[in-house]
Protein chains: 4
Amino acid sequence: MERFNASISVDQRLCLQDIRGSQAHAAMLARQGVIPAADAEAIIKGLEQVLSEIQAGEMAWTDSLEDIHTHVEARLKELIGEPAGRLHTGRSRNDQVATDLRLWVMQAGRELDTALRDYQRSLVGLAQDHAETIMPGYTHLQRAQPVLLAHHLLAYVEMAWRDRARLADCLGRAAVLPLGAAALAGTSFDLDPASVAQDLGFQGVFANSLDAVSDRDFALEFLFVLSLIQVHLSRLAEELVLWSSQEFGFITLSDAFATGSSIMPQKKNPDAAELVRGKSGRVVGGLVGLLVVLKALPLAYNKDLQEDKEPVFDAFDTVLDSLLVMAPMLASLHVDQARMGRAVEEGFLNATELADFLAARGVPFRQAHEVAGQAVRLAEERACALQDLSDEDYAALCQGLEVEPGPELKQALEPRRAVDRRTSPGGTARPNVKKALKEARKRLWPEG
Amino acid sequence: MERFNASISVDQRLCLQDIRGSQAHAAMLARQGVIPAADAEAIIKGLEQVLSEIQAGEMAWTDSLEDIHTHVEARLKELIGEPAGRLHTGRSRNDQVATDLRLWVMQAGRELDTALRDYQRSLVGLAQDHAETIMPGYTHLQRAQPVLLAHHLLAYVEMAWRDRARLADCLGRAAVLPLGAAALAGTSFDLDPASVAQDLGFQGVFANSLDAVSDRDFALEFLFVLSLIQVHLSRLAEELVLWSSQEFGFITLSDAFATGSSIMPQKKNPDAAELVRGKSGRVVGGLVGLLVVLKALPLAYNKDLQEDKEPVFDAFDTVLDSLLVMAPMLASLHVDQARMGRAVEEGFLNATELADFLAARGVPFRQAHEVAGQAVRLAEERACALQDLSDEDYAALCQGLEVEPGPELKQALEPRRAVDRRTSPGGTARPNVKKALKEARKRLWPEG
Amino acid sequence: MERFNASISVDQRLCLQDIRGSQAHAAMLARQGVIPAADAEAIIKGLEQVLSEIQAGEMAWTDSLEDIHTHVEARLKELIGEPAGRLHTGRSRNDQVATDLRLWVMQAGRELDTALRDYQRSLVGLAQDHAETIMPGYTHLQRAQPVLLAHHLLAYVEMAWRDRARLADCLGRAAVLPLGAAALAGTSFDLDPASVAQDLGFQGVFANSLDAVSDRDFALEFLFVLSLIQVHLSRLAEELVLWSSQEFGFITLSDAFATGSSIMPQKKNPDAAELVRGKSGRVVGGLVGLLVVLKALPLAYNKDLQEDKEPVFDAFDTVLDSLLVMAPMLASLHVDQARMGRAVEEGFLNATELADFLAARGVPFRQAHEVAGQAVRLAEERACALQDLSDEDYAALCQGLEVEPGPELKQALEPRRAVDRRTSPGGTARPNVKKALKEARKRLWPEG
Amino acid sequence: MERFNASISVDQRLCLQDIRGSQAHAAMLARQGVIPAADAEAIIKGLEQVLSEIQAGEMAWTDSLEDIHTHVEARLKELIGEPAGRLHTGRSRNDQVATDLRLWVMQAGRELDTALRDYQRSLVGLAQDHAETIMPGYTHLQRAQPVLLAHHLLAYVEMAWRDRARLADCLGRAAVLPLGAAALAGTSFDLDPASVAQDLGFQGVFANSLDAVSDRDFALEFLFVLSLIQVHLSRLAEELVLWSSQEFGFITLSDAFATGSSIMPQKKNPDAAELVRGKSGRVVGGLVGLLVVLKALPLAYNKDLQEDKEPVFDAFDTVLDSLLVMAPMLASLHVDQARMGRAVEEGFLNATELADFLAARGVPFRQAHEVAGQAVRLAEERACALQDLSDEDYAALCQGLEVEPGPELKQALEPRRAVDRRTSPGGTARPNVKKALKEARKRLWPEG
């Protein structure tokens, strides 16, 4: 039962936050005249000592001291004696643990944002190397229209901008101090939570003590933000797995991110990408788990809330590690531009161009579409590309239409031309993508 | 297969958005000179006609016209003939459906925000009626310390403020126009998406065409916002169920929100609250479902994305209905103040006060806590409240301490005093709560 | 509120089960002498009449008669008058609705089992056509070793056997009658639930009345069985999407299960497979939703349980439709054997064979593996297959080893030989697979 | 990357299974003449040595040896040299890890079944002590009808029987040996998996090698079984939390399973029950996580599958610990029979009896129900129980009916009579419950 009840194996990870929170609390208590300044000083110094000991691996963790708060306080008492007892004035473990976890999320969020930025930088770096590389754009995993590889990669940069915006919103809401709500109702001591908030980097202070100790919205929102990041990564990972298959053959992963097989000497398995993809499960699972915990929980604090920390820690570790793996994996992969180019040539991706060409010359769109379809079928029969059909073929196809397919037709069918025709805002034309790259660089390397 | 493939039974709900989006697109095409102004005019008028027909229930929905876009366009063609074909210039169904759903979410979000506000108003209204009503505050569902009922209700108002802030953030990110991304790569037509965005109330325009057609972050974020609202409601619903039990007996629900039993004449079941609580399942299920859909989906559009609409519609309906039920249920419930008062008297909720009283008079806190524990055990034996122990009892309990328990002790044990001592910011003291109520009124009824 | 509370829009689907259950209940009441035989007869006939009316679409559904039970009983009263009131003797809506849903699941389960069998038959039919077709077997989506397409397809047949076994177990547990538990405590009437169970096809009778009205394990287990089926289908659907891409080019879907693009004339999108894949989301979402509903629900009946039906109905419809689409899609797809054959030749899938060949001739496995790896690199450089390296190449590679690579080496590298060497039980050797096909036929077409 | 890729921190828990599997494999290889008997002997002994070292904590785990298989084999090689290399003949890590995890689940399943049985024994033990204790039966958390506490507890015993049946079904399907499937296609060595299966306690052997290495159904099914157990526990935990509140006051938890508050001396928090309730989140989260992993994963082995072990381990630990806590918590709790009795008296739970009494005397049920309702309202006004209304009251209520309410009426209203009238099979009448207890004892203590 002691083991079942104890959370120390999990929440020892909050030691830094617990101690910083306690130091700020003690300083405030002294400023407010609630405890003597000398006591506060002793507490703050003592806590610094406890922190060094923990960081030096000298703390003896035990389930009999249920949680991190008890460990810290017990050791503090050993170090400084009686004044240690004054630290808990005007607070309880209910508001203390909420403070710790919020502080932790705020710090983790900053790390996450940096990792997201570095991942974006990797994507943009690779995109810059491939600002002219043409690949098939897919819908339904069918080759659809040629696009720039850079354009494709920048789609993931966009997702990451949204992830970072969601993260910032989440962190803003997390940065509300609950300390001073005490057990549930507030306290009679003359506290000044606003100054504690400022000391610790919070942006605001709780408005309602019952809410302060029972609210885990910030943990849920953080888990959602993490889930969405990992789902985005799973999409890119899926593409890396596809692209490194023999069938696609678009990329070769660096050996550091792929492993061989003990049985099959020819293999180069994209393990890292597969793991990133698979790990979306555990992050989503963590989100679901905490939603289940919160469902139908009456106010205010309930012990069920102890289950908040593990999914948050695990999901954060997973997403951070995935980003840290993805960034160098992207930076080090090799793109087979020739293979991509052939794929663009072979899939009739220029059928749209053919239809557009005819439409632009006055053929009603439905009819133009139909002729393009006939051309595709003819080229399939001949096992050639659309641009390899003869002028006679095109003449026959256009019979009855008021169009004279000349050399401009063949030009229009060139993939690079197709790419460059997509000039609408956000389209894949080279100037658009170059502009997008330039803007991305400006945002991601603001100092140049 | 036709039925399996068709989405019309679901996406007909997007008819208004589909038509408004098409009208704005046509107007822009004319402004840009892509199609003749006369055609645009015919299209816009024709679409208005289609809309009236749909709203009048005159559209014959059929799975053979797969989706809402096809229905609208087919009918438009019947009405205005050839110019209808020009409407699809420079767009595809991939960007069109994303536009429709975003518009729908933007509108639904506004309705939701209003419903949240009205729910908050109901909570504040009830809180105002009970600005002096004292109830037990609970932790671990054990009576802990007395709080004001108003304070308890305002905790839910706080949750709703966060819900509304999350919703606003989500809607800001949803309000990015994808129209003009076409199938996946942009288009060669000279579009002006920014002006369409302005016409339709979007705040921005997509930056990357591949992202624009494959992004469903806004739907996932909306589902998360909805899940968290419903989880909050499930917590309040749980409390309403508890409070209306015979054991608590704190409230009586109005007959409109409770039902009798065909077998048991004495029963009054809190059906509405139970349904609100239970419906958290379907909203969370919808969020999980869409996360599963998105997992490992390569770019750009895939048919899997068709599964985005139903969970969004269902979760929105569920949450909106729940709010619309909760608001009047709160407004019409009857609070048994006397029963609440007795509950406060009986649970030794003032044991903290006793300990604090002693501590304030110099007894070390651990010792004060111990004496309070002894007093509780004594009162349990005597089957009386702490305030009903005799002066002799207290004298005996305090033996050896340098405290003289006089009449102020008994005063300190009064629940109202206990409440009013919780004066720290965010605490339950009456002046605090009155201030909080005043601020809530100002925010919720800004015009006074 | 009436609309919020009513379930009739959902549970009208239980009309057949509700009426059959009521008829069996009435017959039993008469057999036990609880109600007159004439009344039971009138009830049974009257209910048959109500059923015909419902099936003829003549029932006027209204939220004011909350649920299916009320509708049926109200109409029965109109038809037969006073004896209708006796039908509810010894039961309540709590045990009645549980009976209805169990009956529905039992019937749905039978349909599902048939659909699973037909899906297996489609797989086996396709496998039989390809008992000699060799394709690359994949791990990590990398070509690993050649396997028979039949072997690959039979892996999905195995999954479906497990699905059917799980379904049978689930249906056995669902087939326990709750009728007679009444509201929660049983009844004083002299009921004989065992005979009702027999009439309705249940295999057993509830043992505890509180459990009988609050248990939804059968619904959860059914949802889990459905989730796992759909996850299996999502794996096959993913492969169909991959295989019908231009990169793989292994299969062509029949036009009935693929759609063209209004913009891109060359496209043939595997819509049906994508939908099957995507719909795994809603089934898993339904399972999660009901788990959330049940979490922390005290005994016995709570209104939350009303949320049990929609996920069950929706998940069943989804899975059944998916199976019904998958079976003919598999039956009608075209396999490009030549393309598969080329893929087998090109990916160095016989590197294992080379290593095995050397190992069988006494070269230590690690060394053999290394030589095979060198051969792969050499062949990559030469852009040829392993079997196309010259005898001199092999002589050089084997230098220092006591092996004389002769013509048997080249033979060992033939894919068909590689397949046929996998003779261990359950391996892909042709005789194994033929035996597996034969057994599958015997189980799936027992009458021959 | 090494850390990201490595699974050793998780899968070292499979060391016993890995070694037992390898020993059985080596023995079979020797029996089949694939490797020399002396080598097999050396391997088997050497593995026993590795196992002792691991169990003695002497193994140095390192991420550079990715997983448990590599650690064991590397150490084996150090111990016995060259023959160690023969162990991997005819298998790969793909079938090996599946074997290990299945063996682990089989063992864990047995422990779980024992823990479920002990939990049932605790429930039955408590039920036996309360075979005569009457409590309110609830629907909608409203007092409905009196039931025996034993009857209530036996409802949870029923759930556990179903859990054990589901577990047995799951374990049967888990007990299928995948070893010998090798990487994905089988092997050319003459293996005899059936004999390995027998050695290791498996009930069958895989039929298809591709399925064998890619199937994780057993893990998902185990997670579902665990989820349902924990959801059941969450329902009981919720009731324990409710019952130990001051409002219910039905039970007092033993001090070992409740904790005090550092601030509030009067508190006794049901921590253990809250944790059991909250931990339903992580188990459901684990199930969801693995479903997400499996979604849309093509055959055969993918690295994503490495994510299967942690949720299985964590969910098993959680459920086992919860059962181990629940059993003694139930055994040691104190029931306040008097308080339960008063609750039964006060809630008009005998209103049904009054209606039944009248109905049995010929009053049409609707009318009887109405009179009972009037009686409830009258008693509410008088603040008394139904049995405390005077004979004059009842005479007035029954005016116009052909019923003479005599002393039998008052008798019929006694709770014990109400309980004993529920004589239908599975009802709460004392003889029924005694029979149920007797049967439970026979099943749970078969040796008497």
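Labels below follow one simple rule: chain letters A, B, ... track the order of the sequence lines, proteins then strands, and each chain is numbered from 1. When reading the values below, keep in mind they use all heavy atoms of this one structure, side chains included, and skip hydrogens, waters and symmetry mates.
Considering only heavy-atom pairs separated by less than 4.5 Å from chain B, the leading option among A:Trp161, A:Phe189, A:Phe224 is A:Phe224. The greatest number of non-hydrogen atom pairs below 4.5 Å with chain A, out of B:Ala212, B:Ala207, B:Ser234, is found for B:Ser234. Between chain B and the residues A:Thr428, A:Thr187, A:Leu236, the most heavy-atom pairs under 4.5 angstrom are made by A:Thr187. Counting heavy-atom pairs under 4.5 Å between each of B:Val284, B:Thr423, B:Thr89, B:Val288 and chain A puts B:Thr423 at the top. Your options are A:Val231, A:Asp163, A:Leu148, and the one with the most heavy-atom pairs under 4.5 Å with chain B is A:Val231. Contact count against chain B (heavy-atom pairs under 4.5 Å) is highest for A:Leu294 among A:Asp192, A:Leu191, A:Leu294. Ranked by non-hydrogen atom pairs under 4.5 Å with chain B, the options A:Ser214, A:Ala144, A:Ala194 are led by A:Ser214. Put simply, of B:Gly186, B:Pro298, B:Ala300, B:Ala296, the one with the most heavy-atom pairs under 4.5 Å next to chain A is B:Ala296. The residue among A:Met159, A:His140, A:Arg86 with the most heavy atom pairs within less than 4.5 Å of chain B is A:His140. Heavy-atom pairs under 4.5 Å with chain A peak, among B:Val157, B:Val147, B:Val213, B:Leu184, at B:Leu184.
For the pair B:Thr139/A:Asn302, no side-chain contact is recorded, criterion being any heavy-atom separation below 4.5 Å from C-beta on. Within the 4.5 Å cutoff, side-chain heavy atoms of A:Arg277 are placed close to those of B:Lys295. Taking 4.5 Å as the limit, some side-chain heavy atom of A:Tyr156 sits within range of a side-chain heavy atom of B:Leu299. Two residues are said to be in side-chain contact when any heavy atoms from C-beta on lie closer than 4.5 Å; A:Asp211 and B:Arg162 meet this criterion.
For A:Glu439, the side chain to side chain contact (heavy atoms under 4.5 Å, CB included) test picks out A:Lys435, with sequence neighbours left out. With sequence neighbours left out, the side chain to side chain contact (heavy atoms under 4.5 Å, CB included) criterion links B:Val293 to B:Leu290, B:Asp304, B:Glu307.
Both the backbone and the side chain of B:Ala185 come within less than 4.5 Å of a heavy atom of chain A. Contacts of A:Ala181 with chain B are absent, with no heavy-atom separation under 4.5 Å from either backbone or side chain. Contact of B:Ala436 with chain A is not made at all, since no heavy-atom distance falls under 4.5 Å. Both the backbone and the side chain of B:Ala165 come within contact range of chain A, with heavy atoms under 4.5 Å apart. Looking at B:Ser280, the atoms closer than 4.5 Å to chain A (heavy atoms on both sides) all sit in the side chain, from C-beta outward. For B:Leu228, the part lying near chain A is the side chain, with the backbone staying farther off; criterion is any non-hydrogen pair under 4.5 Å. Contacts between B:Asn94 and chain A at a heavy-atom distance below 4.5 Å involve the side chain alone, from C-beta outward. Residue B:Arg173 touches chain A through its side chain alone, counting heavy-atom pairs closer than 4.5 Å. For chain A, no part of B:Ala237 is nearby; none of its heavy atoms comes within less than 4.5 Å. With a 4.5 Å cut-off on non-hydrogen atoms, A:His232 touches chain B through its side chain but not through its backbone. When heavy atoms are compared at a cutoff of 4.5 Å, B:Gln142 does not approach chain A at all. Only the side chain of B:Leu287 comes within less than 4.5 Å of a heavy atom of chain A; its backbone N, CA, C and O stay farther away. Proximity to chain A (any heavy atom under 4.5 Å) is restricted, for B:Leu242, to the side chain, taken from C-beta onward.
No donor-acceptor pair under 3.5 Å is formed between the side chain of B:Asn208 and the backbone N or O of A:Glu158. Listed for the A:Ser209 side chain is no donor-acceptor partner under 3.5 Å among the backbone atoms of B:Gly427.
The CG atom of B:Asp190 sits 9.0 Å away from the OG atom of A:Ser424 when rounded to the nearest 0.5 Å.
The residues B:Asp215 and A:Arg235 are annotated as not salt-bridged, no charged nitrogen and carboxylate oxygen being separated by less than 4.0 angstrom.
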Working for side-chain contact (heavy atoms from CB on, under 4.5 Å), residues B:Asp217 and A:Arg166: CA-CA 10 Å; B:Asp217 287 5; A:Arg166 261 185 296 271; 2.9 Å; yes
